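Below is one structure, written out as structure tokens, with a few remarks after it.
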Amino acid sequence: MGQQFRTSSSGQIDRGRILSFTFDGKPYQGYEGDTLASALLANGVRLVGRSFKYHRPRGIQTAGSEEPNAIVELRTGPRKEPNTRATTIELFDGLVANSQNRWPSLSFDIMSINNLFSPLLSAGFYYKTFMWPPSFWTNVYEHVIRRAAGLGKASTEPDPDFYEQCHEHCDVLVVGAGPAGLSAALAAARAEARVILVDEHPRLGGSLNDENYSINGKAGSEWVDEIHAQLEEMDNVRVFTRTTLFGYYDHNVVAAIEKVSDHMPVPHQGHPRQRMWTFYPGRVVIATGATERPLVFGNNDMPGVMLASAARAYVNRYGVKPGRRAVIATNNNDAYRTAIDLHHAGINITAVVDSRIQPDAALVEELESLSIRLLTGSTVGSAEGHQQVSYVQIVTTQGDTLDPERIDCDLVACSGGWNPNVHLHSQSGAKPVYDDSILSFVPGKSRQSEVSVGAANGSFSLQDCLAQGVSAGTQAARQTGFKSRKMAVARADNEGDYAIEALWISPTPYNKNYKQFVDQQNDVKASDVVLASQEGFDSVELLKRYTTQGMATDQGKTSNVNALALLACQRGEPLPEVGITTFRPPYVPVAMGVFAGHTVGYDFMPVRRTAIHDWNTKQGAVFIEAGLWLRARYYPQQPGDTMNDCYIRETEATRNNVAIVDVTSLGKIDIQGPDAAEFLNRLYINNWLKLPVGKVRYGAMLREDGMVFDDGTTSRLEENHFFMTTTTANAASVLAHMEQYHQIEWPELDVVFCSVTEQWTGIAVAGPNSRKLLEQVIDIDISNEAFPFMSVGECMMNNIPARLFRISFSGELAYEINVPADYGEQAWLELLEADEELEVSVYGTEALGTMRIEKGHVAGSELDGRTTAQDLGLEGMANRAKHFIGKHNSERPLLVGEGRLQVVGLKSLEPERNLRIGAHLVDPSVKLETVSQSQGHVTATTYSPQLGCGIALGLLRDGASRHGEQIEAVFPLDDETLKVEVCHPVFIDPEGELVRA
Amino acid sequence: MLRIDCPWCGVRNEDEFSYGGDATVERPTDYASQDDWYHYVYTRQNPAGPHREYWHHVNGCRAWLVVERDTVTHEIFSTAPASPNLPDPDGRTR
Ligand SMILES: [Zn+2]
């Protein structure tokens, strides 16, 4: 039982290997070598999906990656993949597929009622039908339309498979392993060029697998096997099957997707599901073949209507009869081969319908000899039937539509001619040109190092394909520096000429309205093209966007030229005048996972850890990401400790005693040379020339537009040796900025510098007892007299070489000690254990942030790229008598006048309530309704243990002169308003007595 | 994908570099007018065709380069170090 549509023999399937699969829950069988589409057809399954907008029944149109209709959900669970083309899915045992976009079932789909409302869904319907009221857009229209019009659903579970990204270089890349591609690859390989040959099918051969050709007296497939064997023997050749080149980018870089495991239920252990290849070829030979286009007639989307070449492929390649009684409709010579091949496979050809008055005499004769009926000057006006074709109505191309002949059939194999696959050529930046002899576009002038051959070049004769392949392969080798050798061209044994006459749309029977589809995946009809043109959307790019033609997952592979031709008819212009849309990558849909490759989950970004990380982990620290760094945020001490408990405890321990914090992530740059001081003098707004050796200075640097770029301390270790620190966030950009000015603007300065961030572990020691602690471990005199505020010195910390800085971010008496990173953990432990009586503790970035707000130090949230030194209260450090980066533009009138947002302190006036970051600062007399009423915003907030209330820093219009004002902090998202008092940003110890103690 | 021929590192992928802006704009002298400084920061030509621009080999040798690139076709005509002081790739100093 089953597979009742198999031919008796023929095909590249292994009839000895039976594979079981299910479609919509029903079990079927197929053979090794089948695609899902061929196996469904073998079982007589013809209805496989519902269309995007109108939910019309759809079947299998093609036998390749251009398929617009037969798109299904493949697999289940976390590997479920929507919108896969049944024509490209290799059958495997246990395959599970389901139809999509139907409810409750494929044969009874409630949404097919859309079909009756189709006038509402015509071109531009989004823009016209659902215009008002505006609230209906988000609440009604969008939900309904999204549910009714759609494709499959992706799995919401994590993908259990992995994906790889690889790179490969070669001299000659050949895309497509049909007769032209195989010839090209062999010719280039014989000249000893490094050759890569890619083909999207599991088996090389391209169209030779679908056709009954013979070459050099042998069956086409035998010739393919011979060439393949020769290529495999050469170690300068790599052959990639199941690999689709999907993008042609600048500088001759191309990308391909290799479907390593898609033909199996699950990937082999350790193998990726798919692999993305970036190829760097010297020259690309494009041998991607051609795609047949459908005819545009009434109900041409009905299951049972198929491309003529696809019908041939199912018979010849898969041993499947796509129907039992076939009508062949064509406007060119090629489809006659379908009639002949299907006839030999035992399919009853009820008629060949040729729109031309006088087809090729030899073809007419051949049909006569097989007793196949030929109707000339005629075409299919409509396909008729319930959910699949049961008969067609034939009309004459001369306009006689009132007396259509009815011919019974279950298969309509149609050909509207062939389109060379110029996609990659177009992606490379070139413009395809129109060729009147084949009524389609062929490659134009090359922009990059590529050449198209064979059918991709508009040459549909097998002999031409073989010859062009050899010639292009030979030339490509020569162009990439190899001595070419002469290679004989294989002989094509049987073929005829290709000839075509235009038939872009069929007359309809009785001139009635029929749905004549152009783009079947997006449900765009010929009448939509007409309507778009009438409404003025008559350029190719506008047509595409207005009707959505060509914008589905198949990118209009079968519909583009038909749409352009109909537009040209409508405009009354020749097709080349209308032009062609630009093809863009990817040529086939590519899973997002393959672009992500290995950079997912843990590998999403590199993680930077400090030397204290392991200790922090053991302590149960909670971490926070700061750039790529993981920093300890706070240290819970017992179960139930909240972040608030921790940072308040850590802050108090610092302010009352002594605590240490890991500050390794700050950027560190070592600067040396006779002009080091001058270099700093130009980078920073402050003066550096007179900074004594052994002293530290806090500095700010601007961008050239006058805004503050970064801040930090820089120390003079020796006359010509400085040590700069940057913020964690800007460490990389400050270094790049310094390199830019040193290399481009000031090459005369004799200075060198490099990042030493990783080389040093930084530990801040803060609190009134910090000196007492350090005296236990440091070998130099650090009394206030010998080592005052803003001193720096080299020293030994126990047995560890160290640098000691007397700087403070917390506002307390504080130091920062730097030790070589390898000693980082040891130094940390020795500080903690140095004085048992002191009970040295640790703090994280949360407490660090609290203390910096209390002390009014600006940081990243205030240095937002829009604030000047004056806005931030740093202008006092500037020396405007010298020149520095950003000086001129920071003096622009609007930056120094009134109305600037300036940094202020903010105190909550309501007990137990803290400010919120991002809250607007508003005059209490104003109800905030528009953003222009906002006078600034809150940038950083905390609860201050010291002050016992919520405090914040903010940027407030003319804030520096508004201390003491009571205003409101408004957070409209949650409808919150808080009364606050504006104050000086330094909340504690404004005179700085503590840090100097 | 642009392929940039760093004089020190050879032909490398664009993603090793960061774009550094227009190389035809000259930084004004310290005593130039406010207007000159304004234009230096904010106004740019937008040529369609060959253009000189800075690229920083940030994930490589960290040299700033002047790259002459066609903004329409992306063809690169030349790549040279921005600094006159860096030793040239053959090891000579210039
Ligand atoms: Zn480099």
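To find a chain, count down the sequence lines: A is the first, B the second, and so on, and within it residues start at 1. Remember, predicted model here, so these are calculated numbers, not experimental data.
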Sequence neighbours left out, what passes salt bridge (Lys or Arg N to Asp or Glu O under 4.0 Å) with Arg27(B)? Give chain and number order.
Glu704(A)

If you tally heavy-atom pairs under 4.5 Å between each of Val58(B), Val41(B), Asp36(B) and chain A, the highest tally belongs to Val41(B)

So, the side chain of Gln743(A) versus the backbone of Arg62(B): is there a donor-acceptor pair under 3.5 Å, distance only?
yes

Please state whether the rings of His888(A) and Trp37(B) are parallel, tilted or perpendicular, taking 30° and 60° as the class boundaries.
parallel

So, Asn889(A) versus Tyr40(B): side-chain donor-acceptor pair below 3.5 Å or not?
no

Considering only heavy atoms from C-beta outward, does the side chain of His251(A) approach that of Ile76(B) to under 4.5 Å?
yes

Taking atom CG as the centre, does Asp15(B) end up with more than 12 heavy-atom neighbours from other residues, nucleotides or ligands that are less than 6.0 angstrom away?
yes

Please list, chain by chain and in numerical order, all residues satisfying salt bridge (Lys or Arg N to Asp or Glu O under 4.0 Å) with Glu164(A), sequence neighbours excluded.
Arg275(A)

Output all residues satisfying salt bridge (Lys or Arg N to Asp or Glu O under 4.0 Å) with Asp710(A), sequence neighbours left out; order by chain, then residue number.
none

Bottom line for Ala63(B): the part with an atom under 4.5 Å from chain A's heavy atoms is both

Which residues from residues 66-75 of chain B are near chain A, with near meaning under 4.5 Å between non-hydrogen atoms?
Thr73(B), His74(B), Glu75(B)

Please examine the side chains of Glu891(A) and Gln34(B), heavy atoms only from C-beta on, and report whether any two atoms are closer than 4.5 Å.
yes

Of the backbone (N, CA, C, O) and the side chain (C-beta and beyond), which part of Asn13(B) lies under 4.5 Å from a heavy atom of chain A, both, or neither?
side chain

